[in-house]
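Throughout, protein chains are lettered first and strands after them, A, B, ... in sequence-line order, and every chain is numbered starting at 1.
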Number of protein chains: 2
Amino acid sequence: MEVELKQMLDDLQSLRHSSSDPSLHASIEKLQSRVHRLTDLAKAVPVRRSRVKDMSAEVVDSNPYSRLMALQRMGIVENYERIREFSVAIVGIGGVGSVAAEMLTRCGIGRLLLYDYDKVELANMNRLFFRPEQVGMTKTDAAVQTLSDINPDVVLESYTLNITTVQGFETFMSSLKNKSFCPSKEGSGVDLVLSCVDNYEARMVVNQACNELNQTWMESGVSEDAVSGHIQLLIPGETACFACAPPLVVASGVDERTLKREGVCAASLPTTMGVVAGLLVQNTLKFLLKFGHVSPYLGYSSLKDYFPTMEMKPNPQCSNAACLERQKEYIIAKPAREAAAKAKREAEASAITETPLHADNEWNISVVDDSEIERTDAVSSDALPEGFVHELPSADEFQKLPAGTSTDTAIDDLEDLRKQLEALNADQ
Amino acid sequence: MEVELKQMLDDLQSLRHSSSDPSLHASIEKLQSRVHRLTDLAKAVPVRRSRVKDMSAEVVDSNPYSRLMALQRMGIVENYERIREFSVAIVGIGGVGSVAAEMLTRCGIGRLLLYDYDKVELANMNRLFFRPEQVGMTKTDAAVQTLSDINPDVVLESYTLNITTVQGFETFMSSLKNKSFCPSKEGSGVDLVLSCVDNYEARMVVNQACNELNQTWMESGVSEDAVSGHIQLLIPGETACFACAPPLVVASGVDERTLKREGVCAASLPTTMGVVAGLLVQNTLKFLLKFGHVSPYLGYSSLKDYFPTMEMKPNPQCSNAACLERQKEYIIAKPAREAAAKAKREAEASAITETPLHADNEWNISVVDDSEIERTDAVSSDALPEGFVHELPSADEFQKLPAGTSTDTAIDDLEDLRKQLEALNADQ
């Protein structure tokens with residue numbers, strides 16, 4: 001627009017020079033002042049913030065990273081700026097995924113890969129992030145528009161595709177493998193995959209991709225009645241995969257398209273989805289920047305403000321072949337892992353000075369050894385929190401079954417599982 | 001801009017009529033086509049969504065309320081549309097308040113009153129809501145701009161003022177008392193006040209206003225190290241007020257201006273603030289629309305994903321005179337309250353049919369009487385969750401003190417209290 005206005009000023013100027021008629025001059029001057037006013041109006045259109053080369057901890061109003069770098073001074077994070085090296089893939093840019101993307105963008109994540117095939121609709125306006133003027137745009141395009149305005153330092157890659165199609169899955173896999181952002185990185189090209197999809201089929205596809213790539217990921221979900229949700233950490237071979245034991249609180253797996261065709265729709269709330277996105281990205285920050293305890297599973301039941309936690313071990317009879325391979329690798333690597341952990345503990349123990357840092361202990365604080373906690377967790381991982389029931393037999397029960405007994409039906413009969421999950425959700 | 005362009009077209013048209021020079025005609029035609037192009041460009045500026053008269057549950061992409069009205073069909077909320085009758089005041093439009101305002105706006109709240117005196121800065125960009133192009137605007141103006149685009153059905157009132165000044169407090173009080181939005185409403189003109197401020201002084205001012213007006217409110221806060229937060233429900237006379245016993249996890253009360261002057265700043269994260277805003281507005285929805293359990297206090301400790309809950313009774317020795325008056329009224333109204341509760345229980349009991357709705361009970365679900373739960377809660381309200389310590393003696397201990405013993409210093413010495421809170425926060 002500014003280019004057009006500039007050209008119009010030039011045209012008026014040359015028109016003025018080409019004529020000596022005073023009344024025409026007056027008219028042209030009037031037009032020129034109009035164009036100047038329009039130029040001012042056009043300039044009022046927002047300017048984007050410029051890129052920032054290095055994250056600074058300087059406390060000035062103009063520093064978008066001062067409050068994040070302060071996490072170092074507060075002793076929470078050792079090296080916050082490392083966040084710029086990380087790539088996170090977000091599958092599903094809906095009520096949870098879009099807010100997760102915005103949080104990571106504002107935290108200054110290095111690179112975000114966004115996957116969705118859907119378009120923005122007015123019916124999405126009861127959740128955070130998308131705005132009414134974006135209705136009709138693809139969710140990926142709308143997200144890139146908003147996120148690049150918020151923080152131009154983040155590298156955004158958007159994939160407008162359905163990962164459950166053959167072509168979509170191939171592009172999904174190759175995009176995860178692409179290591180051009182950080183060629184020295186081990187494993188795949190991303191540090192974490194966040195699943196923020198709303199159906200069972202897509203979750204199983206993310207699970208398949210991550211098992212194949214040996215890629216750590218986090219699952220998230222919100223119940224159909226909008227008042228419960230959960231997040232879950234999945235490390236191939238080490239924890240249960242999504243096919244080993246689907247989470248207990250989850251949207252029922254009914255495809256959104258089906259819902260719309262039948263004239264019914266699931267409820268949703270910006271509150272529940274905002275909380276789930278917040279817990280998911282908090283767990284992501286703890287995982288990437290190595291602080292606090294990364295939760296293996298965290299539920300949110302809003303009616304009672306109840307937050308169950310649990311751990312799930314992999315199922316040695318899992319129906320997913322890639323999961324079984326990762327489990328085998330994990331068992332084979334066990335001696336090396338334990339030796340490394342032992343060496344680390346010994347190194348830390350020898351580094352501890354004999355004199356306590358604080359001689360007086362007014363607040364009766366006792367320090368618990370982290371490695372102790374880890375060992376205890378591993379033992380008690382089968383214990384379920386209050387209100388939970390096992391949907392599938394535990395791994396140990398599977399192992400005790402006589403050879404030849406098929407238990408696959410329990411997992412394969414998705415319709416049956418869906419009904420059980422629905423019943424569970426309804427009872428919350 | 002469109003008006004300016006239309007006038008320019010008129011000017012060019014009259015200029016053309018006033019001259020018979022063909023070369024001038026050609027120049028004018030060129031200018032006219034430029035203005036037409038500019039008009040098209042200006043029209044590309046997003047259009048806002050139109051207002052919706054009634055909330056509909058119809059499942060069409062163009063219905064911004066379908067997913068909210070679905071809460072009724074899901075059996076969560078009895079009458080969702082009542083939300084349009086409610087007024088909520090949000091004090092402090094920062095990292096928590098702005099997100100709370102957006103959530104309530106997307107939920108279709110009737111009226112929002114927004115209070116803040118600060119301006120948007122790039123240093124705020126690590127939290128949700130404000131965008132870089134809003135830097136320099138007041139937070140209230142920027143919020144109204146964004147929120148009115150998101151949902152034009154919400155009545156927005158913004159107050160750019162500091163409630164801790166004499167003039168600001170007067171305007172704050174009179175705006176809360178104004179009943180023009182819903183003249184039939186009992187009590188003040190708002191249904192709930194949400195405190196989303198970042199300092200102790202402002203919290204005490206909100207507390208004073210709500211005690212004077214007998215106004216139920218909710219407190220929220222995020223710790224200086226950005227990894228903990230809380231929400232709290234305060235009902236004058238019935239629960240502890242903010243002066244009775246300040247919450248245990250809270251930002252230390254250091255004024256932001258002081259922080260900036262000293263070249264240090266508190267850390268903050270979009271995750272923690274998003275979670276706290278989500279929990280706060282979820283509690284607000286439960287309170288206004290009467291579903292689920294409204295939490296009296298809910299903490300969020302993100303390092304361990306620990307969510308403590310507790311209840312706090314009012315302190316009969318509270319330093320706040322208005323609190324003491326509300327406590328007296330609450331005690332006087334006790335017999336009437338109990339009689340009403342008893343009548344309600346009896347009416348509900350007689351309405352229950354003798355035949356159970358579901359004869360088989362496959363999932364072993366047992367229904368617990370809500371009134372039973374309430375009675376139990378009231379008894380155990382003094383029990384503190386793990387990891388908490390009482391900052392102040394309990395109400396019972398106050399009552400046992402010999403007459404003439406002053407305990408006010410424990411509350412009045414804010415500097416001392418601030419240090420204790422800081423120490424607590426540091427130990428988390």
Side-chain angles (χ1 to χ4, degrees), chain A residues 1 4 8 11 15 27 30-31 34 37-38 41 46 49 59 61-64 66-68 70-71 74 76 102-103 106 121-123 125-126 128 131-133 149-150 225-227 260 263-268 270-271 274-275 278-279 281-282 292-293 295 298 302-305 307 363 365 427, chain B residues 1 4 8 11 15 27 30-31 34 37-38 41 46 49 59 61-64 66-68 70-71 74 76 102-103 106 121-123 125-126 128 131-133 149-150 225-227 260 263-268 270-271 274-275 278-279 281-282 292-293 295 298 302-305 307 363 365 427:
Chain A
M1 180 164 272
E4 285 275 344
M8 196 179 288
D11 288 349
L15 191 65
S27 297
K30 193 176 159 196
L31 282 167
R34 276 204 196 285
R37 267 205 301 281
L38 280 169
L41 280 171
R49 90 151 164 87
V59 183
D61 293 347
S62 58
N63 178 5
S66 59
R67 306 300 169 93
L68 295 165
L71 287 164
M74 293 278 174
I76 302 293
E102 180 171 349
M103 285 173 172
R106 291 185 182 265
E121 293 159 7
L122 270 187
M125 291 307 131
N126 69 320
L128 297 180
R131 301 185 304 267
E133 68 257 30
D149 274 350
I150 289 171
D225 62 8
V227 288
K260 280 178 201 162
V264 290
C265 81
S268 57
T271 45
V275 169
L279 298 175
V281 177
Q282 196 84 293
H293 171 70
S295 282
L298 177 60
S302 75
L303 294 186
K304 292 180 179 174
D305 280 331
F307 300 83
W363 299 91
I365 300 157
D427 295 339
Chain B
M1 179 165 272
E4 285 274 344
M8 195 179 287
D11 289 349
L15 193 63
S27 296
K30 194 177 159 196
L31 282 167
R34 276 204 196 285
R37 269 205 300 281
L38 280 169
L41 279 171
R49 92 152 163 84
V59 183
D61 292 348
S62 57
N63 179 4
S66 59
R67 307 300 170 91
L68 295 165
L71 287 164
M74 293 277 174
I76 302 294
E102 179 171 350
M103 286 174 172
R106 291 185 183 265
E121 292 159 5
L122 270 187
M125 292 307 132
N126 68 318
L128 297 180
R131 301 186 304 268
E133 67 257 30
D149 274 349
I150 288 172
D225 62 9
V227 288
K260 280 177 203 162
V264 290
C265 80
S268 58
T271 45
V275 169
L279 298 175
V281 177
Q282 196 84 292
H293 171 70
S295 282
L298 177 62
S302 75
L303 294 186
K304 292 180 179 174
D305 280 332
F307 300 82
W363 299 91
I365 300 157
D427 294 339

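Between chain B and the options Asp149(A), Leu68(A), Val281(A), heavy-atom pairs under 4.5 Å are most frequent for Leu68(A). Contact count versus chain B (heavy atoms, under 4.5 Å) is highest, among Gly278(A), Pro270(A), Gly274(A), for Pro270(A). Per-residue heavy-atom pair counts under 4.5 Å with chain B were compared for Asn63(A), Leu122(A), Leu15(A), Ile76(A), and the maximum is reached by Leu122(A).
Using a 4.0 Å cut-off between a side-chain N of Lys or Arg and a carboxylate O of Asp or Glu, Arg34(A) and Asp11(B) qualify as a salt bridge.
Contact record, Ser66(A) with Ala123(B): OG-CB, 3.9 Å, taken as the closest heavy-atom pair. In terms of heavy-atom proximity, Gln282(A) sits nearest to Ser302(B) at NE2-CB, 3.3 Å. Nearest heavy atom pair, residue Ala226(A) against residue Leu71(B), reads CB-CD2, 3.9 Å. Of all heavy-atom pairs spanning Asn126(B) and Arg67(A), the tightest one is ND2-CB, 3.1 Å. The minimum heavy-atom distance linking Leu279(A) with Val275(B) is given by the pair N-CG2, 3.7 Å.
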Could you walk me through whether Leu38(B) and Met8(A) satisfy the side-chain contact (heavy atoms from CB on, under 4.5 Å) test, starting with their C-alpha distance in whole Å, then the side-chain angles of each, then the deciding distance to 0.1 Å, before giving a yes or no?
CA-CA 10 Å; Leu38(B) 280 169; Met8(A) 196 179 288; 3.5 Å; yes
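Atoms CE and CG, from Met74(A) and Asp225(B) in turn, are 7.0 Å apart once rounded to the nearest 0.5 Å. For the atom pair CE of Met103(A) and CG of Leu128(B), the computed distance is 4.5 Å after rounding to the nearest 0.5 Å.
Although no hydrogens or angles enter the test, the distance criterion places a donor-acceptor pair under 3.5 Å between the side chain of Arg106(A) and the main chain of Met125(B).
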